Structures are given as structure tokens and as C-alpha cells.
Amino acid sequence: MADPDPLDLIARKRDGGELDEEDIVELVDAYTAGAVPDYQMSAFLMAVMLRGMNETESFALAHAMLYSGTVLDLSDIPGKKVDKHSTGGVGDKISLVLAPLVAAAGVPVPMISGGGLGHTGGTLDKLSSIPGLQVSLSLDQYRKQLREIGVVMIGQTDEIAPADKKLYALRDVTGTVEFIPFIAASIMSKKLAEGIDALVLDVKVGRGAFMPDMDAGRRLARTLEGIGAAFDRPTVSLLTLMDDPLGLEVGNWNEVVEAVRCMRGEPVEDVRELTVALAVEMLILGGAAETARAASKMAERILDSGAAFEKFMQMVAAQGGDTRVVEDASRREGTHVTVEVQAGPQQEGYISSIDARVIGSTAMRLGAGRRAVNDEIDPMAGITICRRKGEPVQPGDCLARLHTRDADTAAPFMEAVRRAFAASRRRPDNQPIVVDRLSDGKWSSGAA
């Protein structure tokens, strides 16, 4: 295979040209091997984002990223292996609850996750906030743990879709996150490589999502389903709202704490609602339930019984995490300053909305996310929401608490966070989180 000419490919896309499959495979392989520098790949990503990709190019990119490394075969492990992926949200700790819940029902869940992208948090960063927990397991360890306890949650190994691992970090800091073919190729290359039999997708739409509206969300869902079908992997997508943060916690360690509360049956309403909706799809695809009604009852029962939390603790222990701090969050070391943001003079009545993008971006700047590839995550940084959408508010009430290393870091963001909370005289109507469902190429309203 000839060496690619990155400059020619950049110029061709810049000028609106199309690339064939060989061009894309060669470029991805060369970049993965280190023969193409970050600055040229950054230019290519931007040119493609501005000019677009046709269906053939999109599939070629996913194919090249998938086969840049090892594609696992888990057929020797009993049961249908089912995973879930979210396209990125604010306060989205669903995987932490969902994976052990489904595994507790007997459906194996092999999950390879990524870190945060832009203003959205990543499952890997949340897991890494648990002291001692290892997210870098070998493939042999990955197999062993899946076989023994039914759930494993790790980051990408050097063998799994290494092209995506490099591109994922580069997109995060070059303004090229939101492009549908990039998102689809990134998701599916990891998920298809991890050895799954079926996949459930949480495609988020709204202010805090990478897909700002329903049409964009539907396009992404169709692209993802098309790739899944091409590789003979049943794929179900739920379109879910991401205008307001999920739950009350945004960050890493504080989201783990909230996930644990949910797994212990405590009322974390929107987190539980979405977890159960996604669990229904996974349990049906995994053969643990035949109907949505039966699957929903099973998921609720597992949460209420504490079985999901028991499975989560097994996973934490197996991956070297400190189960004592998971059991009792007060044991977690780390001194941080908490700064309270209070409602202003005009914020009276009911909270009508909370701008998830502002909250997510602020949490990132407080240290919960990355602005540059090599930035270190502060596991304790984040935001606690004091007033949920629909709750009464009056001037002086706590809207949010900012957690950071020092008050000076939080000070520049306090007014932006205050403005992220809109208030109205009328209590807003409740909206279901799940708005659409795509399965076998057909759309239906709401969850199954």
C-alpha cells in the first residue's frame, strides 16, 4: 500500500472533492503509526468537517478505525454480549448504573469507554475518580472479568481501535467533535471491536448535546444503525433530551456518588428513568426478557433490591478500586473549596430550564474536563445543582455549588452559572426524557 500524501488529501477535501476508501484507510493507518503529524490530521479533520463526507466515505472511516487494531471474538463466553453507548451529555452517569444492572440480570456487558469530549463528561474519567480503580486492563484480564462477574468497564487498550484513541483526543481540542461521521465512526469502531453481539445507543439532543436538534439526532442514529447493520450487529437507538443536566451532580467523583445513590434505590428520578429505559432495550436484546413490560419490572426490581450496587462493587473490587470509599463517600480524601451561586433579584417563581452546555463547560473549566490533550483531570472538581427544573426559587436561594481547588478558580464563572438557571412565574410542564426510538429502520415515539 502506497504512503498517503496528507497535503493532497487535505487540499482535495478543502476544495470539496471526494476520497475513495483506499485514501481514507491509508491516511488512518499512517496517522495511527505516527507517520502523519497531529497538525496535518487536525487540518484534515477540519476540512472534512467543513466540506462533509458522503455515505461511502463515512463507512470507510468507520471500517478503517475498527480494523486499525484487534477485533475481539467473545463467542466462547456464554450469553449475548450487549453494550450501551451515549453520544455525550452533562451529568450523564447512566453507564455506571446501567452496566451492573444489566449484568445482574445475567446479560454480559463488555464496555470500553472514552474520556470526556468538550463540555461533556466521560465514563472513563468518572471511573478513574475511584481511588485505585484500573481502567487499563489487558485483553486477557478483560475476558476473564467478563466471564467471572459479567461486567467490565475499561478504556481503550493499545490493541482496540488505536486510530480512534488518537483521533478522539485530537477532536476534543480542535473544534471537530460535533461532526456526525466522526462521532459515528468513533462510537462504532470501539463498540464493534469489543466483541458485542448487540448495541443500544443513547443519542442525546438539545443544548447540552453535540446534536442540537431532533433532525441532527435522527441523522446520527440512522448513521450508527447503518454501520451496525453492515457488521450484522442489531442496534437500537433512543433519542433523549439533553437540555438540562441529568441528575444533580456534574463532575467525576460527585457523579459516582450520585450513581451509587441510584443503585441503592434512592430517588434520583431522571437518572433512574433513563437507566430503566435503556436497560429495557439491553435486556430484550440480551434475551433476559421478552417484552418491554417484563424488562422494565426486572430493571426496577434489580435497582430496588440493591443487586445492581452489589454487581458494581464486584466490578470495582475486581479492577482494584477502593470499595470503602464507594460504600462511604466521606472516606474519600481530597480537600476542595465549595462556592455557592445564589439566585439573583429577578430569579423568582420556578426554575424553567438549566442550560446544560453552560453547566458542562463550567465544570470542565473548574478541572473536571480537558481543554488541551495533556490536561490532567481533577476528580473532585464539579458542580452540584441545588434547584432542579420545576422547583420553586426566590432571590438568595442556592442555585448551584461549584467544587474546585480554590475560590479564585470559581469566581469568573459564578455569573455564567447564575444565568444558566432560567426562572418563570409558571411551573414548566414535565417532559419525558426519551422522545424517539429507532429499531430495524423504523421510528416510534418514546421508549419501548
Side-chain angles (χ1 to χ4, degrees), residues 66 71-87 94-113 123 146-147 149-153 184 187-204 217-218 220-240 272-303 307-308 311 315 433-448:
L66 171 62
V71 179
L72 292 174
D73 179 359
L74 300 179
S75 58
D76 59 318
I77 296 176
K80 290 184 179 179
K81 277 64 69 177
V82 185
D83 193 9
K84 164 264 180 185
H85 183 85
S86 166
T87 58
I94 301 298
S95 290
L96 301 180
V97 185
L98 179 65
L101 184 165
V102 173
V107 176
V109 182
M111 186 174 286
I112 296 178
S113 300
T123 298
L146 184 65
R147 183 185 296 278
I149 66 174
V151 60
V152 57
M153 300 174 72
I187 292 170
M188 298 307 286
S189 61
K190 282 195 294 283
K191 295 303 174 183
L192 294 171
E194 68 187 15
I196 57 170
D197 297 307
L199 178 63
V200 175
L201 293 159
D202 178 2
V203 179
K204 297 194 176 298
R218 289 187 181 98
L220 175 57
R222 286 197 178 279
T223 302
L224 291 165
E225 188 188 45
I227 296 173
F231 286 92
D232 195 27
R233 296 295 185 272
T235 303
V236 175
S237 294
L238 299 185
L239 257 63
T240 68
R272 181 173 175 123
E273 177 187 342
L274 182 53
T275 298
V276 170
L278 292 162
V280 165
E281 305 293 349
M282 293 180 71
L283 294 173
I284 292 173
L285 286 171
E290 294 185 358
T291 67
R293 181 181 176 84
S296 180
K297 287 184 175 181
M298 183 183 296
E300 298 275 6
R301 186 170 62 250
I302 289 170
L303 284 175
K311 185 63 68 173
M315 184 190 76
I433 296 176
V434 180
V435 292
D436 259 345
R437 177 179 183 270
L438 177 66
S439 178
D440 295 327
K442 298 177 181 177
W443 288 102
S444 56
S445 297

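Side-chain atoms are counted along with the backbone in the values below, which use heavy atoms only and exclude waters and symmetry mates. Because the structure is predicted, anything quoted here is derived from the model rather than measured.
For the side chain to side chain contact (heavy atoms under 4.5 Å, CB included) criterion with Leu274, the lone passing option out of Val97, Val434, Leu98 is Val434.
Contact check for Ile227 versus Ile187: no side-chain heavy atoms found under the 4.5 Å cut-off. The closest side-chain heavy-atom distance from Asp83 to Glu194 is below 4.5 Å. Considering only heavy atoms from C-beta on, Thr87 stays 4.5 Å or farther from Leu201 through its side chain. With contacts defined as side-chain heavy-atom distances shorter than 4.5 Å, the pair Leu278/Ile94 qualifies. Using a 4.5 Å heavy-atom threshold, the side chains of Ser444 and Asp436 count as separate. At least one side-chain heavy atom of Val276 sits under 4.5 Å from a side-chain heavy atom of Leu303.
Met298 and Ala105 get closest at one heavy-atom pair: SD-CB, 3.8 Å. Across all non-hydrogen atoms, the minimal contact from Val203 to Ala221 is CG2-CB, 4.3 Å. The heavy-atom pair separating Ala299 from Ala279 by the smallest distance is CB-CB, 4.0 Å. Nearest heavy atom pair, residue Val151 against residue Pro100, reads CG2-N, 4.4 Å.
Once rounded to the nearest 0.5 Å, the distance linking CE of Met111 with CD1 of Ile196 reads 10.0 Å. Rounding to the nearest 0.5 Å gives a distance of 8.5 Å between CG of Leu438 and CG of Leu239. Rounding to the nearest 0.5 angstrom, the gap separating the CG atom in Leu146 from the CD1 atom in Ile77 is 4.5 Å. How far CD1 of Ile302 is from CG of Leu283: 6.5 Å, rounded to the nearest 0.5 Å. Leu285 CG to Ser439 OG: the interatomic distance, rounded to the nearest 0.5 Å, is 7.5 Å. Taking CE from Met188 and CG from Leu199, the interatomic distance works out to 5.5 Å, rounded to the nearest 0.5 Å.
Formation of a donor-acceptor pair under 3.5 Å by the Glu281 side chain with backbone atoms of Val200 is not found in this model. For Thr235 (side chain) and Arg233 (main-chain N/O), a donor-acceptor pair under 3.5 Å exists by modelled atom type. Between the side chain of Lys191 and the backbone N or O of Ser189, no donor-acceptor pair lies under 3.5 Å. Asp197 places a side-chain N or O within 3.5 Å of a backbone atom of Lys81 that can act as its donor or acceptor partner.
Partners of Ser95 by side-chain hydrogen bond (donor to acceptor under 3.5 Å, both in side chains), not counting sequence neighbours, listed by chain and number: Lys84. By the side-chain hydrogen bond (donor to acceptor under 3.5 Å, both in side chains) test, Thr240 pairs with Asp202, Lys204, sequence neighbours left out.
Around CZ of Arg147, the count of heavy atoms belonging to other residues, nucleotides or ligands within 6.0 Å exceeds 12. No more than 12 heavy atoms of other residues, nucleotides or ligands lie within 6.0 Å of CG in Asp440, so this atom counts as exposed by the packing criterion.
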Subject >> CA sep, side-chain torsions, deciding dist, call: Val71, Leu192, side chain to side chain contact (heavy atoms under 4.5 Å, CB included) >> reply: CA-CA 7 Å; Val71 179; Leu192 294 171; 5.9 Å; no

